[in-house]
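The figures that follow rest on heavy atoms only: side chains count, while hydrogens, waters and symmetry mates do not.
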Amino acid sequence: MAEHNEKDVQNKEDQVTNEAIEKELEEANAPHSPIELDKTAGAAAAGSAAAPRGSSAAAIVPWAIAVIAVAALVFVLIRNPSGAESNEALGEMEGYTIKKTDVYEEVKSKLGADQMAALVDEIAQSKIIELESEKAGIAVSEADVQRELDNFKKMYGFETDEDMSMALMQAGITLEDLKETQILPNLKIKLLFENKHPVTEDELKAYFEENKDSTFATTPKEVQASHILVETQEEAEAVLAELNNGGDFAELAKEKSMDPGSKEQGGDLGFFGRGVMNQRFETAAFALAKGETSDVVEADNGFHIIKVTDIKEAVVPEYDTVKDDVRQAFYDEKLGMEAAAWLDTLKSDRNYKNLIEKADEAPAASAPASPEASPSAE
């Protein structure tokens with residue numbers, strides 16, 4: 001009986017038929033539009049290297065579906081389980097009948113081999129995820145979907161459901177579109193990945209300890225710093241020498257700093273957390289203890305000397321109160337680093353082959369042999 005059930009499972013896995021591919025493509029070619037999100041928060045700062053990075057509301061932009069729709073048509077056209085449907089007539093005129101094969105060849109020539117191959121890869125990946133999920137007994141629940149929607153709102157800065165709905169509406173997208181084209185596909189991959197990569201409680205606790213200040217703090221660490229910005233390293237070294245000889249930091253900032261936004265305050269930048277200043281400035285500032293002054297720090301627009309005048313330590317919750325968030329962050333990071341290789345392995349395990357020849361893999365055409373070069377011409 002066990003042997004019979006095993007064969008049934010294997011047979012079900014092997015039923016990746018043309019009809020299944022057609023269904024997949026028809027869903028992709030439905031009236032809803034896939035979407036792409038442009039998260040603009042956290043853009044790099046302009047002006048002073050110590051200036052805060054700007055942020056703006058997230059923009060939702062409709063993804064052009066023309067290429068996918070046309071490519072989907074190609075694969076619907078090549079469906080041919082009976083061996084005769086490729087010659088089905090799609091249009092008629094006096095003296096000529098347009099057949100499925102005519103349309104397929106025309107679309108293929110316009111789409112290009114690389115895009116055709118990419119679409120085949122995408123369909124294969126989706127089908128493999130579906131089959132592997134069925135095999136592992138994984139199903140996406142409403143709670144899973146709601147959790148991902150909540151994460152989506154948080155990631156793109158929507159404070160309320162109404163804010164998110166308004167942004168989606170402006171892009172011509174419904175909430176159901178969002179679920180079908182982004183939330184559900186991503187969830188299927190994520191849940192299967194988690195199933196195949198179990199994590200222990202000790203691993204999660206270690207991850208929490210490594211990232212508690214930067215990721216899980218309810219109030220992140222902040223430092224208050226002053227700086228002196230000059231144009232060259234030689235100038236910065238000279239200022240540092242004055243400071244080491246007892247010079248007053250605030251007075252030297254007023255006299256020598258190029259930063260108009262802080263020099264009149266003695267270089268004071270106030271309190272700031274991570275992700276606000278440019279990376280090299282931030283790294284140097286957060287490495288200092290209260291009252292310490294840095295060496296010369298090179299940044300994009302000059303050379304800094306930084307003094308930390310106060311520190312507000314991070315407020316970090318207990319692990320048990322945020323363990324679900326820790327688990328999600330752990331898998332998000334791991335998936336981001338390992339997803340591509342893992343998906344390639346899934347394809348390899350199923351002996352997947354993309355049979356469309358990509359443009360850069362096409363064999364070079366050999367030049368015809370000239371009579372002079374041919375031994376038989378002599």
Side-chain angles (χ1 to χ4, degrees), residues 21-44 52-73 75-76 111 115 118-119 121-130 133 138-194 215-216 218 275 322 324-325 327-336 339-340 343:
I21 293 176
E22 181 181 13
K23 182 176 182 292
E24 185 90 6
L25 289 161
E26 286 173 348
E27 290 174 358
N29 200 22
H32 60 70
S33 300
I35 64 172
E36 185 176 276
L37 298 172
D38 178 19
K39 190 171 71 169
T40 55
R53 291 173 180 166
S55 65
S56 59
I60 295 184
V61 184
W63 183 29
I65 64 170
V67 171
I68 287 183
V70 171
L73 172 63
F75 283 88
V76 172
L111 196 60
Q115 288 180 322
L119 182 64
D121 286 340
E122 184 179 336
I123 295 169
Q125 176 177 299
S126 178
K127 184 55 61 179
I128 289 170
I129 293 296
E130 178 185 324
S133 296
I138 297 170
V140 178
S141 68
E142 283 299 320
D144 293 328
V145 174
Q146 187 57 52
R147 185 178 65 249
E148 288 301 301
L149 281 173
D150 291 341
N151 292 337
F152 177 89
K153 284 193 300 183
K154 182 179 179 180
M155 179 175 20
Y156 288 98
F158 300 122
E159 295 184 2
T160 66
D161 289 347
E162 289 72 24
D163 291 340
M164 180 175 68
S165 297
M166 180 64 70
L168 292 171
M169 184 177 66
Q170 289 173 351
I173 301 163
T174 68
L175 183 59
E176 288 306 310
D177 292 335
L178 178 66
K179 289 180 181 179
E180 291 296 324
T181 62
Q182 181 155 324
I183 300 297
L184 283 172
N186 289 345
L187 256 176
K188 289 176 182 177
I189 292 174
K190 184 175 180 180
L191 292 177
L192 182 62
F193 183 85
E194 292 177 9
T215 304
F216 303 110
T218 54
V322 292
D324 289 342
D325 294 335
R327 186 177 189 278
Q328 179 177 307
F330 173 86
Y331 274 117
D332 284 347
E333 182 176 315
K334 188 175 180 68
L335 188 62
L343 289 167

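Proximity of L175 to M164: side-chain heavy atoms (C-beta onward) are separated by under 4.5 Å at one or more points. Between Q182 and E148 the shortest side-chain heavy-atom distance does not fall below 4.5 Å. Considering only heavy atoms from C-beta on, F193 comes within 4.5 Å of K334 through its side chain. Within the 4.5 Å cutoff, the side chain of I138 has no heavy atoms near those of the E194 side chain. Between N151 and K154 there is no side-chain heavy-atom pair separated by less than 4.5 Å.
D325 approaches F216 most closely through the heavy-atom pair O-CE2, 3.9 Å. Minimum interatomic distance between D177 and I173 (heavy atoms only, all atoms of both residues): CB-CG2, 3.3 Å.
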Exercise for the section: List the steps and the verdict of side-chain contact (heavy atoms from CB on, under 4.5 Å) for I189 and Q125. Expected result: CA-CA 10 Å; I189 292 174; Q125 176 177 299; 3.8 Å; yes

Practice task
Dump the intermediate steps for side-chain contact (heavy atoms from CB on, under 4.5 Å) on L149 and K179, then the final yes or no.
Solution key: CA-CA 8 Å; L149 281 173; K179 289 180 181 179; 3.7 Å; yes

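Between the side chain of S133 and the backbone N or O of I129 there is at least one donor-acceptor pair closer than 3.5 Å.
Note that CG of L168 and CZ of F152 are 6.0 Å apart. Values are rounded to the nearest 0.5 Å. Rounding to the nearest 0.5 angstrom, the gap separating the CG atom in L184 from the CG atom in L178 is 9.5 Å.
Between D144 and R147 there is a salt bridge, since at least one side-chain N of the basic residue sits less than 4.0 Å from a carboxylate O of the acidic one.
Between the side chains of D150 and Q146, at least one donor N or O lies within less than 3.5 Å of an accepting N or O.
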